[in-house]
Amino acid sequence: MESNAADKPVPREINALLSDERLILRETQRAVTPFGGIAVFISFLGKVGLVEAVRRHMPICWKSPNHIDPSSTFTAFLVAVLVGARRFAPTSLLRGDRALQALLGLDRFPTDDTIRNLFRAFGMGEVQRLYEPLAEWQMQRLAQRDEGYTLDLDSTVLERYGKQEGSLKGHNPRKHGRPSHHPLLAVLSEAHFLLHGWLRSGNCGTSRGVEEFLKEALALWGQREKIRLLRADSGFFEDKLLSFLEQRLLPYIVVAKLTPWVKRAAQRVEQWTVLDDDYAAGEFRPKLLGWRVERRFVVIREQVREGRDSVGRKLIDVPGYTFRVFVTTGGDPPEEIWRDYNRRADMENRIAELKHDLGADGFCLKPFFATEAAFRAVLLLFNLLAEFQRAAGLPTYREPATIRTQVLTCGAILGRAGRRVVLHLSESWGGLTTRIPLLDSILNWQIPTSPKLETAPVT
């Protein structure tokens, strides 16, 4: 039964832009939302038990009798980011979306100040107590892979405008001299899963603290599945990190910095395996200054061609070619090492999705750990979206912005049928017909479980 609320006429008329048709403007008391499709995602969240997990581990507790439950505020923030909020202030726009509030089961949507105050209550301990158990809760549902997972390391720059804690001048390729934060990320490539993330000060080097970061990431991962390979760019080319990986028996491929020692060794390679007319592969095993052991280096030589940019670096003594050099513990042929590393390019897409689709660079507060809490919440949402696609049976991975456009965005009107609340999805936006297969897939989805082994101790 539709709502009996009468439409209130407003004496306004306009002309259609491309015709002379007169349009009458009126307002309505019906609850209308452009995000009716989010019902599919809410069904998924209920299936995996997000709200129960957040309530179980939420370290913040308010004493005010009029407070909104911190778990509800946290969930509301995730939904605000999901539908497109890129700053704290726009989250307040959802306070007028009564249909979305009905989907969430909220009597009132928290204001942007309520959300800010929640994250301001986080210190270092609260961040650990909330996000580490939630990460393990998500990892339990990752599918098993006999060949193991590939772990990709990378860092990015989040530009800041203000005087936030940790917002310092450092490497900033886009805006030189602009204060920033410099987070560190570890991604399980095959699952599109953000295993771990650190927010760091802007003056940190790329590899600063990476050994401790990996200790935390590997402790979270435990012995669920084998890490078949770790991949990283030249910012992580340091003997300390390579020795750490070798001590942990973790295979790796890391891009080598073309220092004078590496350049001279690459120039001396005599045996080349020709891959095609433009590429050749070779290898050498030097012991660089300060290293205690020799390591295997793989070098890819590419012929310079007109009208095509080459990825590698030119060497003065070898004109006409560019070179890319990798250090690795792998025993595969050089060309296979190169091809395996090239699959890491997808890591850049994950970072771009975090920043451009989910606004990971936009939620910033003055306290450092408040900013990190918001940043980690966005990482949590990213993983939920990736898992949602697996549960819904989507054939290929889609970016968060694509999911928002194709699934979540759908005009809808809230109504009633007797005592039951009904959400009417607009047929012209795909309606319920295009979303029933997704709902059925989620309903019939068998949640995979990883082996429950003891978490590896931090050493």
Side-chain angles (χ1 to χ4, degrees), residues 33-35 38 41 45 50-51 54 58-62 64 66-98 100-101 103-104 106-124 126-127 130-131 134 156-167 178-183 194 197-202 351-385 400-401 404 408:
T33 179
F35 305 115
I38 204 174
F41 190 72
L45 296 182
L50 170 71
V51 175
V54 173
M58 173 58 69
I60 308 301
C61 180
W62 303 129
S64 169
N66 296 319
H67 75 276
I68 298 177
D69 178 48
S71 300
S72 299
T73 302
F74 183 84
T75 306
F77 172 73
L78 295 181
V79 171
V81 176
L82 179 67
V83 300
R86 297 179 55 86
R87 298 287 189 276
F88 284 110
T91 60
S92 284
L93 294 176
L94 298 181
R95 287 174 58 80
D97 194 333
R98 290 187 287 120
L100 181 59
Q101 292 172 34
L103 281 170
L104 295 176
L106 289 174
D107 294 329
R108 50 180 176 150
F109 199 90
T111 66
D112 54 322
D113 283 335
T114 301
I115 297 174
R116 289 190 188 97
N117 289 337
L118 173 65
F119 288 122
R120 288 192 184 108
F122 277 80
M124 181 173 64
E126 286 77 12
V127 170
L130 176 62
Y131 290 106
L134 289 180
T156 187
V157 173
L158 306 181
E159 296 160 1
R160 301 303 187 201
Y161 300 84
K163 296 182 179 180
Q164 300 87 359
E165 291 179 2
S167 177
R178 167 65 56 190
S180 63
H181 285 117
H182 194 182
L194 289 161
W198 266 9
L199 190 71
R200 301 181 299 176
S201 298
I351 293 176
E353 291 162 12
L354 282 172
K355 295 168 73 171
H356 304 316
D357 295 357
L358 300 179
D361 56 344
F363 300 100
C364 186
L365 296 165
K366 188 169 184 179
F368 178 84
F369 290 107
T371 303
E372 183 173 29
F375 176 71
R376 295 280 291 270
V378 175
L379 302 190
L380 173 70
L381 176 61
F382 180 93
N383 287 340
L384 288 171
L385 280 169
R404 183 182 297 136
L408 307 181

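- Residues that satisfy the ring pair (Phe, Tyr, Trp, His ring centres under 6.0 Å) test with His181, not counting sequence neighbours, are Phe368.
- At a threshold of 4.5 Å between non-hydrogen side-chain atoms, the residues Phe122 and Pro59 count as touching.
- Of all non-hydrogen atoms in Ala85 and Thr91, the two that sit nearest each other are CB-CG2, 4.0 Å.
- Residues Phe74 and Leu130 have side chains in contact (heavy-atom distance under 4.5 Å, counting atoms from C-beta outward).
- Put simply, the side chain of Ser167 never gets that close to the backbone of Lys163: no donor and acceptor are under 3.5 Å apart.
- Residues that satisfy the salt bridge (charged side-chain N to carboxylate O under 4.0 Å, His left out) test with Asp112, not counting sequence neighbours, are Arg116.
- Counting only heavy atoms from C-beta outward, the side chains of Leu380 and Leu78 approach each other to under 4.5 Å.
- Between Leu354 and Leu194 the shortest side-chain heavy-atom distance falls below 4.5 Å.
- Sorted by first and then second residue, the side chain to side chain donor-acceptor pair (under 3.5 Å) pairs involving residues 353-377 (not counting sequence neighbours) are Thr156-Lys355, Arg350-Glu353, Glu353-Tyr397.
- Residues meeting the ring pair (Phe, Tyr, Trp, His ring centres under 6.0 Å) test with Phe363, sequence neighbours left out: Phe77, Phe88.
- In terms of heavy atoms, Leu358 sits closest to Val81 at O-CG1, 3.3 Å.
- Contact of the Trp62 side chain with the Leu118 side chain is registered, since non-hydrogen atoms from C-beta on lie closer than 4.5 Å.
- Side-chain contact between Asp97 and Pro34 is present, with heavy atoms from C-beta onward closer than 4.5 Å.
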From CA spacing to verdict: side-chain contact (heavy atoms from CB on, under 4.5 Å), Val79, Leu103: CA-CA 11 Å; Val79 171; Leu103 281 170; over 6 Å; no
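- Contact of the Ile68 side chain with the Phe109 side chain is not registered, since no non-hydrogen atoms from C-beta on lie closer than 4.5 Å.
- Minimum interatomic distance between Glu126 and Gly123 (heavy atoms only, all atoms of both residues): OE1-N, 2.9 Å.
- Checking side-chain atoms of Arg404 against main-chain N and O of Leu82 turns up a donor-acceptor pair under 3.5 Å.
- When all heavy atoms of Gln164 and Cys364 are compared, the closest pair comes out as CG-SG, 3.4 Å.
- Note that CG of Leu379 and CG of Leu134 are 12.0 Å apart. Values are rounded to the nearest 0.5 Å.
- For the atom pair Leu106 CG and Leu100 CG, the distance stands at 8.5 Å (nearest 0.5 Å).
- The two residues Phe119 and Ala373 make their nearest non-hydrogen contact at CD2-CB, 3.7 Å.
- Listed by chain and number, the residues in a side-chain hydrogen bond (donor to acceptor under 3.5 Å, both in side chains) with Thr111 are Thr114 (sequence neighbours excluded).
- Here the closest non-hydrogen pair linking Phe369 and Val127 is O-CG2, 3.9 Å.
- Annotation: the span from Leu94 atom CG to Phe35 atom CZ amounts to 6.5 Å, rounded to 0.5 Å.
- Distance alone, capped at 3.5 Å, is enough to place a donor-acceptor pair between the Arg200 side chain and the His182 backbone.
- Side-chain contact between Ile38 and Thr33 is absent, with no heavy-atom pair separated by less than 4.5 Å.
- Residues meeting the side-chain hydrogen bond (donor to acceptor under 3.5 Å, both in side chains) test with Glu165, sequence neighbours left out: none.
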